[in-house]
Every structure is written in structure tokens, then in C-alpha cells.
Amino acid sequence: YKIANALVHKEKGMKKKTIFIIIGVSVIIIVGLFVATKILSSQMSRVMEHELNAFLQSQNTQDIQLEYDPFVCEGSTTIVCKTTQLTINKNLETLDTESLDKQSAPKFLHFSDLVVSFGGSKTQANIEIESDIAVLGKQFHAKCMNAINFVDSMLDTNITCNAQAGDMQSVADTHLAFIHPSFQSSTLHEIIKMFKDTQQRNVVLQDLEVMPISDHISLKSPSLKESLRAFYGASEEDMQFYSVMFAIIESSYQQTQNSQTKELDNAIANMARILSDVCIDDKIQEIWYDMHTKTPQVSFKWKDIFQMSPVDIQTHFSLDFGKR
């Protein structure tokens with residue numbers, strides 16, 4: 001839904017900072033799901049249940065509040081944890097928005113009938129999460145799997161998500177590796193415990209390096225235009241407005257290309273052209289985005305990953321957008 005979210009620029013509350021908050025909190029929750037004092041134990045489910053609920057309780061802050069029914073976990077080799085609802089509320093005072101009514105605003109991020117299952121060993125962890133999800137009132141169903149492998153003192157992660165909203169289907173596949181000096185003398189379980197503890201996590205994040213490997217997102221429907229229009233409650237006039245807006249973006253990138261970032265400018269212009277077409281052409285059934293690294297084994301500081309310059313992005317990554 002990263003591509004689809006470009007169509008809701010009108011909703012001022014959904015800015016880049018807000019998206020990062022959702023992603024960041026979601027990552028913390030997913031990592032927190034695999035915490036325990038013993039990897040293999042007959043009491044694993046009880047330990048996991050206690051640790052998970054205690055972890056979530058500790059995440060309430062001034063800006064973010066979590067409301068949830070306690071998780072109940074069962075199993076031994078494979079643990080399955082369930083809760084009927086988990087809600088993440090963002091303090092609207094920090095949203096920097098003019099369009100959200102504080103009294104009637106929907107819950108920021110809400111999981112219904114959330115089911116998490118995971119298993120693993122000393123070098124591998126497999127986490128699956130499935131739930132009905134609402135993001136600022138937009139409803140969809142998602143199922144994600146995160147495969148973590150601890151190889152040569154490096155955390156190799158592959159996250160695959162399938163989402164359904166009405167007759168739209170989205171697939172996202174992200175492959176990343178994480179590197180940190182402390183990983184050299186640690187086990188997978190010890191690393192996960194580092195991320196569980198807030199103080200240790202903040203220390204690790206200071207020097208944590210990310211190695212992006214690949215990223216793929218696709219969105220398909222019998223008619224993407226009609227599906228997106230229905231999902232966002234947009235009128236035909238709205239879709240025409242979005243089409244013009246993306247056409248202007250395409251034109252600006254084509255006309256102001258920098259010799260140092262020409263490839264990136266072309267990729268962004270192509271993306272804008274595709275989104276413009278989707279808004280007016282009801283025959284388009286699928287759009288996609290692909291990212292691959294040009295320079296294998298290159299890594300970046302976690303704290304700098306969202307502040308990369310256009311030159312750095314073009315130097316290290318190849319971006320491709322398509323439609324059919």
C-alpha cells in the first residue's frame with residue numbers, strides 16, 4: 001500500500017513522519033513477539049505470554065498509547081498467541097494536521113483478532129502475523145511472515161506480506177540484513193533480548209547498520225481505478241485531480257533532471273506517470289515497484305537510512321515501476 005498511499009495526499013494527517021511511526025511501532029511489536037528467557041522449554045508459551053504482555057504494557061508513552069486485550073499463548077515448539085484487539089493511538093497534538101477532528105478521528109492503528117505464531121532455534125526465527133487492520137479508519141486484512149536467520153554474525157530478515165482490501169490485493173516482500181559489532185559474540189536469542197530492553201535497544205540502534213537487499217510491492221485488482229476510488233471514497237472529480245497532480249509531478253522531474261540523479265529522476269517521473277494513468281484508466285489491473293541494490297554488501301547506519309541523499313539512492317539502488 002505504499003504506492004496506493006500516494007493517492008491520499010489530500011489527507012494531511014498521513015505525512016511521511018506518520019508513516020515512519022506506524023512502521024517503527026509495528027517493527028517493535030513484531031520483534032517483541034519473539035522474547036523469552038529460554039528458546040526451548042515446556043513452559044515457553046507461559047513465558048512468552050507474560051513477556052509479550054509486559055512488553056506491550058511498557059510501550060505506552062506520552063505520544064503513543066497502546067490499548068489491548070491481553071495475549072493468550074499456547075504451544076511448545078510452535079507458539080501461537082492471540083488477542084481480540086490491539087489499538088495504537090497517536091497523540092493528535094503531535095500529528096501536525098489540520099484535517100483530523102480530534103473528537104471524531106478514528107483509531108490510529110487497530111488490529112482485530114490478531115494471531116501471531118512463531119517458532120525457531122538458536123539461529124533461526126519464523127514469525128507469522130495475521131489480522132484485520134484499520135489504519136485511520138481504512139480497513140484491510142493482512143498476513144505477514146518474517147523469517148530471521150542468524151548467519152555469520154548477521155541478522156538476515158525476509159518479510160513477506162499479503163493484504164486484501166475489497167477486491168484489491170497487495171503483495172510486499174522486503175529483504176534486509178542487520179549488522180552490529182555486538183552480534184559477533186551473541187546468539188540470536190541474546191540479540192532479540194537486546195531489542196526487548198528499551199535502554200539496550202537505543203544503544204544498539206546508534207551503531208546498527210542496515211543492508212538493503214531487495215524490495216517489491218505490487219497492487220492488483222480487476223480495475224485499480226475503481227477499487228482505489230471506492231477504498232478512499234473519492235469521486236470522479238477527485239481521481240481526475242489526482243491524475244493532473246501526478247502528471248505535473250512527472251513533468252517537473254522530466255524538466256529539472258540533475259545529471260547526478262538522472263536515473264532516479266526518470267524512475268520517479270515514471271512512477272508519477274503510472275499513478276496518473278491509474279487515476280483515469282479503468283483498464284489497468286496491476287502496478288508494481290521493485291528495488292534492488294547495485295552495490296552488494298553495502299550497508300547504512302539505521303539512524304541515517306531515512307536521510308539518504310538522492311545521489312546516494314541513485315548510486316546504490318535501482319528502482320523500477322510498472323503497470324499492466
Next on the checklist: Just verifying a value: how many Å separate Gln240 CD and Cys279 SG, rounded to the nearest 0.5 Å?
Outcome noted: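 So the gap between those two atoms works out to 10.0 Å.
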Are the side chain of [X] and the backbone N or O of [Y] linked by a donor-acceptor pair below 3.5 Å?
{"X": "Arg46", "Y": "Cys73", "answer": "yes"}
{"X": "Gln164", "Y": "Gly166", "answer": "yes"}
{"X": "Thr157", "Y": "Leu176", "answer": "yes"}
{"X": "Gln314", "Y": "Leu264", "answer": "yes"}
{"X": "Ser223", "Y": "Asp282", "answer": "yes"}

Quick one: are [X] and [Y] in side-chain contact, heavy atoms under 4.5 Å?
{"X": "Thr295", "Y": "Thr315", "answer": "no"}
{"X": "Phe246", "Y": "Asp277", "answer": "no"}
{"X": "His141", "Y": "Glu130", "answer": "yes"}
{"X": "Asp238", "Y": "Ser235", "answer": "yes"}

Next on the checklist: Just to verify, which of Met271, Met291, His292, Glu263 counts as forming a side-chain contact (heavy atoms from CB on, under 4.5 Å) with Leu319?
Outcome noted: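 Of all the options given, the one that passes is Met291.
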Next on the checklist: Is it the case that the side chains of Ser227 and Asp167 hold a donor-acceptor pair, with the cut-off being a distance below 3.5 Å and no angle test?
Outcome noted: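 Short answer, yes.
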Item to check | Residues Asp156 and His175: side-chain donor-acceptor under 3.5 angstrom | outcome: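 His175 and Asp156 do have a side-chain donor-acceptor pair below 3.5 Å.
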Checklist entry - Which residues pass the side-chain contact (heavy atoms from CB on, under 4.5 Å) test with Val203, sequence neighbours left out? => result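 Once residues adjacent in sequence are excluded, Val203 has no partner under the side-chain contact (heavy atoms from CB on, under 4.5 Å) criterion.
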Checklist entry - Shortest non-hydrogen contact from Ala165 to Phe231? => result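 Here Ala165 and Phe231 meet closest at CB-CE1, 3.7 Å.
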Checklist entry - Does His50 NE2 have over 12 foreign heavy atoms under 6.0 Å away? => result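 Not buried by this count: 12 neighbours or fewer within 6.0 Å.
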Next on the checklist: Tell me whether the rings of Phe300 and Phe317 are parallel (<30°), tilted (30 to 60°) or perpendicular (>60°).
Outcome noted: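 Tilted: the ring planes of Phe300 and Phe317 meet at 30° to 60°.
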